[in-house]
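The block underneath contains the structure these notes are about, expressed in structure tokens.
Note that ligands are numbered from 1 as they come in the structure, with each ligand's atoms numbered from 1 the same way. Not measured: the values here are computed from a predicted model.
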Amino acid sequence: MSELLIRGRVLTFVAEPQGIDDTAAWRYFEDGAVFVRGGKVVATGDYAEVRGRAGADVAVADHRPNLVLPGLIDTHLHFPQTQAIASYGAQLLEWLNTYIFVEEQKFCDTGHAAAVADRFMDELISNGTTTAVAYCSVHPESVDAYFTAAEARGMGMIGGKVMMDRNAPDALRDTPQQGYDETKALIAKWHGRGRARYAISPRFAITSTPEQLEMSQALVAENPTCYVQTHLSENKDEIAFATSLYPEAKDYTDIYARYGLLNERMLLGHCIHLSDREIAVLAETRSVGVFCPTSNLFLGSGLFDRDRFDKAGARWSVATDVGAGTSFSMLETMDEAYKVLHLRGQKLTPFNSFYRMTLGNARALGLEDQIGSLHAGANADIVVLDSSAKPAMEYRMRTATSLAQELFILQTMGDDRCVAEVYVAGKAMKAKASAKARVPETA
Ligand SMILES: [Zn+2]
């Protein structure tokens, strides 16, 4: 079995940091190493100690003085929107109709879906993201393209076919029965195949009839190990429209609750304008609110209120939400998260940012035994970060005197250029992903 020692300044979390001085929440090895065998972490610690556990002829990837962390995790984005990032001038509902529902129609073409899926996975890798949860288009072929591209790279990806049976163009609508049948077949084909996991994906209450949400309820009940994902309370016009379509529901959250969709595997995009009652329901059902800061700013949707989630004991995660999100980079995402919370009068420490991108998001997915930290037995999904990758960063780093400062510089000034290497199940992937991303497509 192939063995590799990945050497550098190793940082991995063991708990959620309770403040900037909570050093018990993380482990840091100034001259550290991760010993990888057969795609899994065997040991993490001081280089001298870990070196002794490997064979004499083990290969060493020496990344000093760069930081070595668990691969980053993105809990919400849309693979068919890869070429729709930066679509100008509209808020959510107009943006969907004007740009997104046009773009997603292209994914009935399997060649197009495959080409975009390849670029999408390479873009994630280039940005240090090794696991993500994505919506595909309504076309089952787009799901095949997505998981095929992930499997070719050994990535642990989660995703599913979007279900929509109203308030969308004809070409993007399924029916309740078709959505059910296609989802069921895709689950049978992909869920649990290698590292692939399926997410049952009714887009949101506006684009699903009560009959489709009933079918979604059946899918969730019949497939208890699948994830579920949808959108909730992103934009005020959206809330008014959704609740008008379900007048019997107490509020937007209650629409999904009535159809049995809220559980610990449910990822709810945005959750910006929730009442206390709704947040209490999320806490009670252990559903996860997904904070997408670049998207929320880009569409002018609003400011996520983290402290209300924390006070209510509700779970939350972070995500890019490409293509309303403006970057594939989780570093840039946490930069915007910091600013959004700042506008709310809330603080996000650099340790908490890096916890959220790694172990925090892994816990939101219930995958902390496999990803998000560098414990023995974890998948060797690893990112190597260069805090001086850009001239302005290198210049700023000359005055940094602590790890906290370095992490904050990385999140505030960093992007894909700071990702020096990415290992997916122990294999170095960054150079290949970046090189391919520069080749223009001819087809
Ligand atoms: Zn979204």
Exercise for the section: Start with the C-alpha distance between His191 and Phe147, add both sets of side-chain angles, then the distance that settles ring pair (Phe, Tyr, Trp, His ring centres under 6.0 Å), and finish with yes or no. Expected result: CA-CA 10 Å; His191 184 60; Phe147 282 125; 9.1 Å; no
Problem - N, O or S of His78 under 2.8 Å from the Zn ion (ligand 1) - result: yes
Practice task
Please determine if the Zn ion (ligand 1) has an N/O/S atom from His231 lying under 2.8 Å away.
Solution key: yes
Exercise for the section: Verify the neighbour count for atom NZ of Lys390: are there more than 12 heavy atoms of other residues, nucleotides or ligands below 6.0 Å? Expected result: yes
Exercise for the section: Tell me, with the steps shown, if Tyr135 and His76 meet ring pair (Phe, Tyr, Trp, His ring centres under 6.0 Å). Expected result: CA-CA 8 Å; Tyr135 291 72; His76 177 130; 5.2 Å; yes
Handout entry: Aromatic Trp190 / basic Arg197 pairing, under 6.0 angstrom, 45° off normal
Key = no
Practice task
Measure from the Zn ion (ligand 1) to every N/O/S atom of Asp321 and report the name of the nearest one.
Solution key: OD1
